[in-house]
A.B. asks: 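Shown below is the structure under consideration.
Read the numbers this way: they start at 1 and go in the same order the structure lists the ligands and their atoms.
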Amino acid sequence: MADTWFDRRTFRRPWDLDGLLDAKRATGTRVSLVIPAVNEAATVGDVVGRIHDAFVRDSDFVDELVVVDGGSTDDTARIAAEAGARVHSLADIRPDLGHRAGKGESIWKSQLVTTGDVLAFVDADLTEWDTHFVTGLLGPLLTDPGVALVKGFYERPFRAGAADDPQGGGRATELVARPLLALARPHLGRVVQPLAGEWAVRRSVYETLHVPVGYGVDLAALIDVSDRLGLDAVAQVDLGRRAHSHQSLQDLGPMAVQLTAAVLSRSDARVGEDRVVLHQFRGLEEIAREVDLSERPPAAEVAR
Ligand SMILES: O=c1ccn([C@@H]2O[C@H](COP(=O)(O)OP(=O)(O)O[C@H]3O[C@H](CO)[C@@H](O)[C@H](O)[C@H]3O)[C@@H](O)[C@H]2O)c(=O)[nH]1
Ligand SMILES: O=C(O)[C@H](O)COP(=O)(O)O
């Protein structure tokens with residue numbers, strides 16, 4: 001089944017809003033779109049504003065547009081509210097449950113202030129994106145009851161000053177997430193962007209899952225939904241190209257720890273195989289690399 005999953009569950013076509021609105025009405029599905037944000041004043045107005053205009057003002061595709069502000073010290077909350085979002089301060093959501101800092105905490109607590117049957121998440125730091133992200137993420141969920149989680153994927157440029165490597169983004173994806181999946185969940189190797197912050201999930205499934213409070217949130221959802229419901233409950237959609245603001249290499253260190261913890265805590269820690277296949281992607285061209293994990297016995301045990 002994993003062999004054919006990519007062809008069956010990878011969507012590349014554009015989604016027609018009118019058709020999806022019909023599907024949404026026919027299924028009585030309500031959609032909550034959640035944007036976790038900390039200090040994203042430079043970009044949150046564009047992300048919220050364009051989603052609001054297309055899917056709240058001009059259609060009823062998104063029923064709730066929510067920003068969870070995880071403690072910004074800039075104007076993120078004001079700008080997001082002016083652009084059309086309902087803004088919740090993370091610290092004010094169910095304070096009786098305690099407070100942790102992190103993207104996953106905002107995603108987890110967003111479930112407590114939203115009511116949609118489907119939750120869609122979009123990052124607030126996008127610099128290159130478009131509103132088809134939203135129709136793409138929701139399309140498979142609105143048209144196929146067998147789909148529970150949809151991950152976006154895209155080309156990811158790396159932009160540093162004048163340097164623009166069109167496919168050089170996603171350092172944690174390439175060096176942490178893909179290798180971990182190759183070892184612990186090889187059947188998820190063909191998920192093109194396992195760390196995408198743009199994904200959507202059925203509430204009825206997600207509300208039953210544990211949620212890491214930090215950056216492990218996206219990877220954990222992917223693993224847990226496929227563990228619980230099978231790989232076919234996961235779909236992925238081609239969203240074209242996406243750029244965001246990059247964290248420094250050092251700041252990706254704590255993210256790498258959180259990603260590793262999310263996978264290790266869902267795994268038998270022993271490496272059972274001598275060889276694994278690492279799936280990489282150039283665009284949609286798949287590169288499958290066999291990686292040798294075998295170990296030699298101590299030399300002292302080898303007859304000379
Ligand atoms: O404590 C935090 C940290 C971040 N964010 C927001 O979460 C989004 C993504 O965070 P960011 O720091 O930009 O993450 P990236 O470096 O872009 O990390 C990528 O990889 C992460 C780990 O998988 C994913 O969570 C991200 O969505 C994905 O874009 C942004 O809107 C942030 O403002 C919070 O709400 N709370
Ligand atoms: O998904 C990732 O690997 C992290 O978000 C880092 O991405 P970047 O290398 O494009 O900043």
A.B. asks: Atom CG of L278 and atom CZ of R178: how far apart are they, to the nearest 0.5 Å?
C.D. replies: 7.5 Å
A.B. asks: Does any N/O atom on A172 come nearer than 3.5 Å to any N/O atom on ligand 2?
C.D. replies: yes
A.B. asks: Return the orientation label for the F61 and F55 ring planes: parallel under 30°, perpendicular over 60°, tilted otherwise.
C.D. replies: tilted
A.B. asks: Nearest heavy atom to atom 8 (P) of ligand 2: which of G170, S245, G168 does it belong to?
C.D. replies: G170
A.B. asks: Can you tell me if T208 and R228 form a side-chain donor-acceptor pair at under 3.5 Å?
C.D. replies: yes
A.B. asks: Using distance alone, with no hydrogens and no angle criterion, decide if R190 and T10 have a side-chain donor and acceptor under 3.5 Å apart.
C.D. replies: no
A.B. asks: Which of these passes side-chain contact (heavy atoms from CB on, under 4.5 Å) with W199: V225, L222, D218?
C.D. replies: D218
A.B. asks: Nearest protein heavy atom to atom 11 (O) of ligand 2, by residue and atom, and its distance?
C.D. replies: H246 ND1, 2.7 Å
A.B. asks: Using a 4.0 angstrom limit on heavy atoms, which residues are close to ligand 1?
C.D. replies: P36, A37, V38, E40, G102, K103, D123, A124, D125, L195, G197, Y215, D218, R242, H244, Q247, M255, L259
A.B. asks: Distance-only, no hydrogens or angles: does the D63 side chain make a donor-acceptor pair with backbone N or O of V31 under 3.5 Å?
C.D. replies: yes
A.B. asks: Does H244 come within less than 4.0 angstrom of ligand 2, counting non-hydrogen atoms of the residue?
C.D. replies: yes
A.B. asks: With sequence neighbours left out, which residue pairs that include part of residues 213-252 fulfil the ring pair (Phe, Tyr, Trp, His ring centres under 6.0 Å) condition?
C.D. replies: F158-H246, H244-H246
A.B. asks: Would Q247 count as a polar contact of ligand 2, with the cut-off being nitrogen or oxygen pairs under 3.5 Å?
C.D. replies: no
A.B. asks: Taking it one step at a time, do K103 and D123 satisfy salt bridge (Lys or Arg N to Asp or Glu O under 4.0 Å)?
C.D. replies: CA-CA 10 Å; K103 179 189 169 183; D123 283 354; 3.4 Å; yes
A.B. asks: Can a cation-pi geometry be assigned to R50 and W129, taking NZ or CZ under 6.0 Å from the six-membered ring centre and within 45° of the ring axis?
C.D. replies: yes
A.B. asks: By number and element, which atoms of ligand 2 are closer than 4.0 Å to a non-hydrogen atom of T173?
C.D. replies: 1 (O), 2 (C), 3 (O)
A.B. asks: Could you walk me through whether E174 and R156 pass the salt bridge (Lys or Arg N to Asp or Glu O under 4.0 Å) check?
C.D. replies: CA-CA 12 Å; E174 301 304 328; R156 302 186 57 170; over 6 Å; no
A.B. asks: Starting from atom 6 (C) of ligand 2, find the nearest protein heavy-atom neighbour and note its residue, name and distance.
C.D. replies: R171 N, 3.8 Å
A.B. asks: Would you kindly specify which portion of R156 sits under 4.0 Å from ligand 2, judged on non-hydrogen atoms: side chain, backbone, both or neither?
C.D. replies: side chain
